[in-house]
> 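Have a look at the structure that comes next, please.
Values below: every heavy atom of this structure, side chains too, minus hydrogens, waters and symmetry copies. All values reported here derive from a predicted model rather than from experimental measurement. Below, read A as the first sequence line, B as the second, and so on, with proteins coming before strands; counting in each chain starts at 1.
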There are 2 protein chains.
Amino acid sequence: MAAYAQMGTDLDTVFAALADPTRRAILSLLLEDDMAVTDVAEPFEISLAAISKHLAILTRAGLISQEKRGRVKWCKLEPDALREASVWMQGFGQFEPVNLDAFERFLANELDGEETT
Amino acid sequence: MAAYAQMGTDLDTVFAALADPTRRAILSLLLEDDMAVTDVAEPFEISLAAISKHLAILTRAGLISQEKRGRVKWCKLEPDALREASVWMQGFGQFEPVNLDAFERFLANELDGEETT
DNA sequence: ATGTCACTCAACCAAATGGTTGAATAAGAC
DNA sequence: GTCTTATTCAACCATTTGGTTGAGTGACAT
């Protein structure tokens, strides 16, 4: 009987953005360095337009920012946007503080950026 | 030119599950106690069938488990499933270790479970 | 000025999502 | 056995999502 009026918070957009493997891979790329849209797109098999859409979604979620310098648009990781979501998640568990090692293993696994030849 | 063959990892399902406000609210409910499906559904305005679907999604994501005892199916939070995702996220930032206070404020905000009268 | 490079827009498509209702199943209660 | 409670299933619907292609725009190169 309670209201539970659920407005769409930032968490909606952030988690939705993170739910796509391509977008997570993009974030991983940007973890290394800022990149132009074309360069972000290069490792993927999908069209540039599709990547452009993914980047728009990441931007709307605040996970990256895009700045146009000349004719190239630079994409930059904005890790602050994750803080809110991270805080939310940590409330559900007694997770070990950081465990960067596990994260490294994870990236190696998910990125899977080896040449297949 | 690299492959970037992206298999759907657990992260896909976990983040997708977390992207819905109803499902996050369900998790918050279960944070307090294990509950039967009907009781989970009670605070929401949507149909029981809809809640049942949400619970199935949360189960597939491993975020909760469901055990049928008699004719009622008990739902139990499984916070371990969040660990993987939490680790992934923390790799993207220098987030403060836990900050439970911020989380409390968050819950208060998102749950919004007050009677509106 | 003409071309080319970097990127987005628009229209379209198939599949997935979140919801509905009504019937089906399964277990207790009487 | 019959009724009711707990939950899911099935069919359906509207909207969103992730992708495509082809045309459009804006900035640099020659």
> From the list dG18(D), dT8(C), dG19(C), which nucleotide is the closest neighbour of the side chain of D20(A)?
dG18(D)
> Let me know the distance between CG of L58(A) and P of dT8(C), rounded to the nearest Å.
13 Å
> Side chain of I57(A) only, please: which of dT20(D), dT8(C), dG18(D) is the nearest?
dG18(D)
> Counting side-chain heavy atoms from CB outward, which of dC9(D), dG18(D), dG19(C) is closest to A50(B)?
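Of all the options, the side chain of A50(B) is nearest to dG19(C).
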> Output the rounded distance in Å from CG (D39(A)) to C1' (dC5(C)).
12 Å
> Nearest to the R71(B) side chain among dT20(C), dG28(C), dG19(D), which nucleotide is it?
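Out of dT20(C), dG28(C), dG19(D), the nucleotide with an atom closest to R71(B)'s side chain is dG28(C).
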> As a test of reading the structure: which of dT20(C), dT21(D), dG18(C) is closest to the side chain of S47(A), going by heavy atoms?
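Shortest atom-to-atom distance from the side chain points to dT21(D).
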> Between dT8(C), dG18(D), dT21(C), spot the one nearest the side chain of H54(A), thanks.
dG18(D)
> Using a heavy-atom cut-off of 4.0 Å across all strands, would you classify R69(B) as base, sugar-phosphate, or nothing?
nothing
> Assign A49(B) to base, sugar-phosphate, or nothing according to its heavy-atom contacts below 4.0 angstrom with the strands shown.
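Touches a base.
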> Out of dT8(C), dT7(D), dG19(C), which nucleotide sits closest to the side chain of T38(B)?
dT7(D)
> Please confirm whether the shortest side-chain N or O distance from K68(B) to OP1 or OP2 of dT7(D) is below 4.0 Å.
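False: K68(B) side-chain N/O out of range (4.0 Å or more) of dT7(D) OP1/OP2.
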> If you look at every strand shown and take non-hydrogen atoms under 4.0 Å, does L48(B) touch a base, only sugar-phosphate, or nothing?
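Since a base atom lies under 4.0 Å of L48(B), the category is base.
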